[in-house]
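Single-structure report; data block below.
Below, chains carry the letters A, B, ... as their sequence lines are ordered, and counting in each starts from 1.
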2 protein chains.
Amino acid sequence: MGNDLSYKDKKVITIGVVRDLTGLSERQIRYYEERKLIFPERTAGGSRKYSFSDVELLMKIANKIEDGIQTHEIRKEMIREQKKQNQDEMRRKMIQGQLNAQFGLRKN
Amino acid sequence: MGNDLSYKDKKVITIGVVRDLTGLSERQIRYYEERKLIFPERTAGGSRKYSFSDVELLMKIANKIEDGIQTHEIRKEMIREQKKQNQDEMRRKMIQGQLNAQFGLRKN
DNA sequence: CGTGTAAGGAATTCTGACACG
DNA sequence: CGTGTAAGGAATTCTGACACG
């Protein structure tokens with residue numbers, strides 16, 4: 001079933017609150033976006049909006065940076081993980097598709 | 001076990017986003033606070049912060065207002081519900097206490 | 001009673017740049 | 001490379017008040 005995109009992934013938190021939640025500076029938070037590690041949405045007026053998932057991700061990123069890993073490396077890691085997840089999702093869907101074809105109408 | 005106070009109840013959403021999420025005006029949102037129906041937290045600078053629960057509650061409130069119910073009535077309803085919940089919680093705890101006393105150490 | 005609005009000010013956020021290392 | 005900072009401007013939010021009904 002398609003994930004609800006419930007609270008955890010809704011982009012509703014402005015950068016100031018994210019700063020307070022993570023302890024990072026706004027500069028850092030914006031920089032990680034520049035390096036394509038994080039992707040906030042924007043309000044009509046142009047302010048960034050983050051989700052709780054983003055907040056968690058930011059803390060993971062901050063930890064890696066503290067360990068001396070560069071943003072470029074972090075990005076590659078993230079892309080790798082993303083690919084893997086996509087594959088898993090693909091497999092899951094294909095198997096479900098097979099089952100549906102043979103035993104019918106269980107709507108994904 | 002004490003609820004995690006996870007995403008749903010964390011006060012992190014500024015009034016502008018709440019406005020967009022609920023379709024209410026900022027005026028309405030602030031007024032319902034004045035009438036003690038909703039209790040946002042504040043940032044260091046004094047801006048209001050709401051939770052997803054608050055957003056849901058606001059929409060319920062808005063529905064009741066549309067039905068012609070006055071804020072004072074809504075407040076009484078809410079207090080009634082709150083009392084009931086407290087009682088239920090109290091009973092639950094007492095029963096748990098009894099069980100612990102007789103059969104020991106299952107930590108709530 | 002519930003809501004809109006104009007008013008003035010303060011807090012928030014934005015971008016692009018310079019600095020350091 | 002990652003981060004701090006001062007700069008100027010725009011968007012956001014706040015409060016108290018007047019208005020209407």
[X] [atom1] to [N] [atom2]: how many Å, rounded?
X     : N      : atom1 : atom2 : value
B:I15 : C:dT12 : CD1   : C1'   : 15 Å
B:L37 : C:dG2  : CG    : C1'   : 12 Å
A:I13 : C:dT13 : CD1   : C1'   : 16 Å
B:K49 : D:dC14 : NZ    : C1'   : 16 Å
A:I29 : C:dT15 : CD1   : C1'   : 16 Å
B:E26 : D:dT13 : CD    : P     : 6 Å
B:L24 : C:dG4  : CG    : C1'   : 14 Å
B:I38 : C:dG2  : CD1   : C1'   : 17 Å

Check this one for me: any side-chain N or O of [X] less than 4.0 Å away from OP1 or OP2 of [N]?
X     : N      : value
A:T14 : D:dT12 : no
A:Y32 : D:dG2  : no
B:Y31 : C:dT3  : no
B:R48 : D:dC14 : yes

Exercise. Which residue lies toward the 5' end of DNA chain C, B:R27 or B:G46, if each is placed at its nearest nucleotide?
Worked result: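 Its nucleotide being nearer the 5' end, the pick is B:R27.
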Problem set entry | 5' precedence on DNA chain C between B:T43 and B:Q28 (nearest-nucleotide basis) |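 Nearer the 5' end of the strand: B:Q28.
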Side chain of [X]: nearest nucleotide among [options]?
X     : options               : result
A:T71 : D:dG2, C:dG4, D:dT13  : D:dG2
B:R30 : C:dG2, C:dA17, D:dT15 : D:dT15
A:S47 : C:dT5, D:dC14, D:dT12 : D:dT12

Looking at [Y] and [X], is there a salt bridge between them, counting it only when a charged N and a carboxylate O are closer than 4.0 Å?
X     : Y     : value
A:D67 : A:K64 : no
A:E89 : A:R92 : yes
A:E81 : A:K84 : no
A:E73 : A:K76 : yes

For this session: Tell me, with the steps shown, if B:L57 and B:M78 meet side chain to side chain contact (heavy atoms under 4.5 Å, CB included).
Result: CA-CA 10 Å; B:L57 179 53; B:M78 286 176 51; 4.0 Å; yes
Exercise. Partner of C:dC20 by Watson-Crick or G-U wobble geometry, both contacts under 3.5 Å, or none?
Worked result: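 Partner of C:dC20: D:dG2.
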For this session: Can you tell me the pairing partner of C:dG8 across any strand shown, Watson-Crick or G-U wobble, with both distances under 3.5 angstrom?
Result: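 Result: D:dC14.
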Exercise. Which part of the nucleic acid, if any, lies within reach of A:R35 when heavy atoms closer than 4.0 Å are counted: base, sugar-phosphate only, or nothing?
Worked result: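 Here A:R35 touches the backbone only, sparing every base.
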